[in-house]
Amino acid sequence: MAFTAEEWRDRTRDYESLRQFSVPLFIPEHPIVGRDRERQQVMAGLSRPEMSNVILLANAGTGKTALVQLCARQDPARVYLEVDLPRMVAAAGQSDLLAAKLKAFFDEAEAFAMSEKTEDGDPLGLVLFIDEFHQIPQFSKAAVEVLKPVLAQSGARGIRVIAATTDTEFDQYIKVNQPLVERLSRISLAPPDQDSVVDILRSRAKSYGILDQFFGDGLFRTIHELTELYVPASSQPRKSIQILDAMVGWHRFADRTVDYSLLVEVLRETYNIDIGFQVDAVGLKKALDDAVFAQDYATSVVARRLQLCVAGLHNRKRPMGSFLFTGGTGVGKTELAKQMSRVMFGDDVRHFIRIDMSEFSQNSSVD
């Protein structure tokens with residue numbers, strides 16, 4: 001059962017804490033693709049008669065919130081609320097006060113769930129989604145003690161809890177409290193594979209009304225491949241969705257064609273990654289020789305390899321080239337590396353990282 005913001009304020013007029021620290025879970029209009037198995041795990045956890053609680057563990061951007069939205073979309077008999085935990089922590093200010101606010105919140109949630117009825121006269125099922133759940137044990141041990149009995153009897157109280165956090169924060173703040181862990185069914189979410197990400201991007205493109213801009217799945221797969229290669233710190237599918245979203249923005253604003261050239265431009269503007277650099281393949285050898293003298297063999301080997309990369313004939317899952325330059329001091333090893341950076345990327349400042357291993361020759365330096 002979904003409420004608008006106005007309906008929610010009206011229904012919770014007598015529940016100040018519930019109204020202040022929760023809102024109806026937003027359910028997007030676009031399709032939510034994948035995660036069918038995980039959805040079944042969540043619904044099975046919420047259907048337990050006593051401890052009806054689950055905790056979703058995954059890196060940021062993997063789709064924890066999207067999974068909860070999928071459950072809400074396919075579970076209209078229950079009301080899904082998103083708990084505004086940061087606001088509750090800010091309003092409390094002190095750890096002991098957070099425990100008091102959390103108790104008041106769950107008491108009102110139980111009262112609301114028991115008193116409100118569906119159109120069929122059945123008790124209203126209430127699901128509370130608490131993102132960044134680790135903030136509770138991180139901020140207040142007293143709040144955890146308040147939370148334990150609520151979680152232990154959530155089914156009988158008419159409340160279901162879906163918590164979410166990362167594996168790292170789970171290990172750091174939650175795992176150490178075994179009684180708390182035992183009250184939460186753990187569900188781990190792995191990043192989706194390429195086919196799943198392509199399905200997600202295709203469904204988004206369709207909902208945005210630009211699917212006709214794509215010919216097959218080639219560009220979707222390229223988005224996935226390039227974000228995997230150049231944005232390793234972020235998770236799928238968020239990083240691919242963000243790139244597609246930026247491309248759609250340029251398409252709507254400037255009537256740009258959604259193609260590879262736009263993808264290259266978006267990557268450059270968003271992450272300062274220039275994969276669309278222009279290199280004179282014919283003049284590569286001469287450009288290297290202009291800076292590195294009397295090293296014809298070395299510059300020939302390097303030029304041939306870079307020419308393959310410029311032509312797109314290399315393995316895109318591996319580095320463009322791996323070279324070991326050997327020779328005495330002053331023969332041009334460092335200069336050749338710098339010239340490669342200038343030729344390929346335009347400069348040897350922003351696109352050149354130098355690690356001098358002589359600085360690590362002593363044990364004390366390594367430490």
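In this structure, Leu151 CG and Phe106 CZ are separated by 6.5 Å, a value rounded to the nearest 0.5 Å. Atoms CD and CD1, from Gln138 and Ile174 in turn, are 10.0 Å apart once rounded to the nearest 0.5 Å.
Tyr15 and Ser115 form a side-chain donor-acceptor contact under 3.5 Å, judged by distance and modelled atom types alone. A donor and an acceptor atom, one from each side chain of Ser196 and Asp199, are nowhere located under 3.5 Å apart.
Contact check on Arg202 versus Asp217 returns a salt bridge, with a Lys/Arg side-chain nitrogen under 4.0 Å from an Asp/Glu carboxylate oxygen. Using a cut-off of 4.0 Å between Lys/Arg side-chain N and Asp/Glu carboxylate O, Glu335 and Arg342 are scored as salt-bridged. Looking at Arg19 and Asp10, no side-chain N of the basic residue comes within less than 4.0 Å of a carboxylate O on the acidic one, giving no salt bridge.
In this structure, Phe26 has its ring center at least 6.0 angstrom away from the ring center of Trp8. Checked against the 6.0 Å centroid criterion, the rings of Tyr230 and Tyr271 do not qualify as a close aromatic pair.
His251 pairs by the ring-ring contact (aromatic ring centres under 6.0 Å, His included) definition with nothing, not counting sequence neighbours. With sequence neighbours excluded, no residue forms a salt bridge (Lys or Arg N to Asp or Glu O under 4.0 Å) with Glu169.
Gln362 CD: 12 or fewer foreign heavy atoms inside a 6.0 Å radius.
The two residues Val161 and Leu46 make their nearest non-hydrogen contact at O-CD2, 4.2 Å.
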